[in-house]
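The structure is given below, and queries will be raised subsequently.
Note that the numbering runs from 1 along the sequence shown for the chain. This one's a predicted model, so the numbers in the text were calculated from it and none came from an experiment.
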Amino acid sequence: MPYGTLSKSAQFVVKLFPSSYEAASLRSLLLNKLSKKFLPPSSQYQMIEYLGIHFKIHGYQLNNYSNALMIMGMSIVLIGLGAVLANRYQRKS
């Protein structure tokens with residue numbers, strides 16, 4: 001389902017998963033050059049919004065570098081959370 005068809009709350013949930021940033025970066029890589037060659041600017045904007053090529057957080061549009069930072073940051077948080085939970089589980093055993 002394209003990102004642009006989701007409700008605002010569903011878009012928020014999608015942004016919580018690192019894989020969505022990977023997908024956005026891949027879509028950007030594959031479609032940006034094609035859209036600049038073959039689509040007028042108004043259609044480019046519609047395609048970007050509909051497919052979720054670029055995510056926006058608090059009005060700031062993320063580029064591929066920002067997506068990479070988000071993926072790394074979320075991965076660090078998830079690894080840290082997993083380590084804390086594993087530590088607690090071992091204490092109870």
Side-chain angles (χ1 to χ4, degrees):
M1 176 174 264
Y3 178 78
T5 62
L6 300 174
S7 66
K8 294 289 181 191
S9 57
Q11 288 179 2
F12 175 77
V13 171
V14 167
K15 290 178 186 178
L16 296 177
F17 295 95
S19 60
S20 59
Y21 294 93
E22 294 170 22
S25 292
L26 184 60
R27 284 190 296 267
S28 173
L29 179 71
L30 295 174
L31 295 175
N32 272 346
K33 290 182 181 178
L34 289 175
S35 69
K36 288 179 183 175
K37 286 183 181 179
F38 300 110
L39 293 175
S42 61
S43 296
Q44 287 177 16
Y45 178 77
Q46 288 177 331
M47 184 187 72
I48 287 169
E49 292 296 315
Y50 182 72
L51 294 177
I53 292 175
H54 300 292
F55 286 153
K56 289 183 182 176
I57 297 180
H58 299 293
Y60 175 73
Q61 185 172 324
L62 300 178
N63 57 21
N64 288 341
Y65 179 72
S66 300
N67 283 343
L69 290 177
M70 290 292 290
I71 293 167
M72 290 186 335
M74 292 173 125
S75 298
I76 290 168
V77 168
L78 290 174
I79 290 169
L81 182 61
V84 168
L85 291 175
N87 190 16
R88 285 189 179 182
Y89 179 75
Q90 285 180 351
R91 285 186 193 172
K92 288 183 180 181
S93 298

Please check if the distance between the ring centroids of Tyr50 and Tyr3 is under 6.0 Å.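 No, they do not, as the ring centres are separated by 6.0 Å or more.
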Of all heavy-atom pairs between Ile71 and Pro18, which one has the smallest distance, and what is that distance?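 Heavy atoms only, the tightest pair is CG1-O, 3.8 Å.
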Answer yes if Ile57 and Tyr60 sit in the same cluster of Ile, Leu, Val, Met, Phe, Trp and Tyr residues linked by side chain heavy atoms under 4.5 Å apart, and no otherwise.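 Linked within one cluster.
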For the atom pair CD (Gln11) and CG (Leu16), what is the distance rounded to the nearest 0.5 Å?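 Nearest 0.5 Å value for the CD-CG distance: 12.5 Å.
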Scan residues 67-90 for pairs that pass side-chain hydrogen bond (donor to acceptor under 3.5 Å, both in side chains), counting only residues two or more places apart or in two chains.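 Found Ser25-Asn67.
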List the residues meeting side chain to side chain contact (heavy atoms under 4.5 Å, CB included) with Met47, not counting sequence neighbours, and say none if there are none.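 With neighbours one apart ignored, the set is Leu31, Ser35, Leu39, Leu51, Ile53.
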Closest approach of Gly52 to Phe55 (non-hydrogen atoms, all atoms of both residues):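 Smallest interatomic distance, heavy atoms only, reads O-CE2, 4.0 Å.
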Not counting sequence neighbours, which residues clear salt bridge (Lys or Arg N to Asp or Glu O under 4.0 Å) with Glu49? List them please.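 Counting only residues at least two positions away or on another chain, Glu49 forms a salt bridge (Lys or Arg N to Asp or Glu O under 4.0 Å) with Lys56.
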Straight-line distance of Asn64 CG to Leu26 CG, nearest 0.5 Å: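 Rounded to the nearest 0.5 Å, the CG-CG separation comes to 9.5 Å.
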Any idea which heavy atoms bring Tyr21 and Met74 closest together, and the distance?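 Tyr21 and Met74 have their closest heavy atoms at CE1-SD, 3.8 Å.
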Phe12 versus Val14: any side-chain heavy-atom pair under 4.5 Å?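 The answer is no, as the side chains (C-beta and beyond) never meet within the 4.5 Å cut-off.
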Quick one: NE2 on His54 to OG on Ser66, what's the gap to the nearest 0.5 Å?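 Result: 11.0 Å between the selected atoms.
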